[in-house]
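Here is the structure we will look at.
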Amino acid sequence: MGSMMFLGWILIAVIVYSVFAHRNRTYVERRNIYDDSALRVLNERYASGEISEEEYQKIRKNIS
């Protein structure tokens with residue numbers, strides 16, 4: 001009886017861990033997508049001449 005309860009607690013712990021691990025991974029992936037898109041927009045603005053090299057370097061430093 002006690003071993004069944006122990007296995008139940010282990011199963012619950014594994015489920016909780018899996019949910020939080022997935023949630024954290026999803027957050028990191030979304031953050032990476034945001035960072036990539038911000039850098040892409042910055043590169044486009046610099047390439048089109050909209051911002052100077054000094055502004056580009058300053059903003060790039062803030063993004064990274």
Practice problem: Count the heavy atoms belonging to other residues, nucleotides or ligands that lie under 6.0 Å from CD of Glu44, then report whether that count exceeds 12. | Solution: yes
Practice problem: Verify the cluster assignment for Ile15 and Leu7: are they in a single hydrophobic cluster under the rule of side-chain heavy atoms below 4.5 Å apart? | Solution: no
Practice problem: Sort out for me which residue in Glu50, Glu55, Glu53 forms a salt bridge (Lys or Arg N to Asp or Glu O under 4.0 Å) with Arg45. | Solution: Glu50
Quiz item: Rounded to the nearest 0.5 Å, what separation is found between the CG atom of Leu42 and the CZ atom of Arg60?
Solution: 8.0 Å
Quiz item: Is the side chain of Gln57 donor-acceptor paired with the backbone N or O of Glu54 at a distance under 3.5 Å, no angle test?
Solution: no
Quiz item: Can you get from Val41 to Ile59 by hopping between Ile, Leu, Val, Met, Phe, Trp and Tyr side chains that sit under 4.5 Å apart?
Solution: no
Quiz item: If you group Ile, Leu, Val, Met, Phe, Trp and Tyr by side-chain heavy-atom gaps below 4.5 Å, do Met5 and Val16 land in one group?
Solution: yes
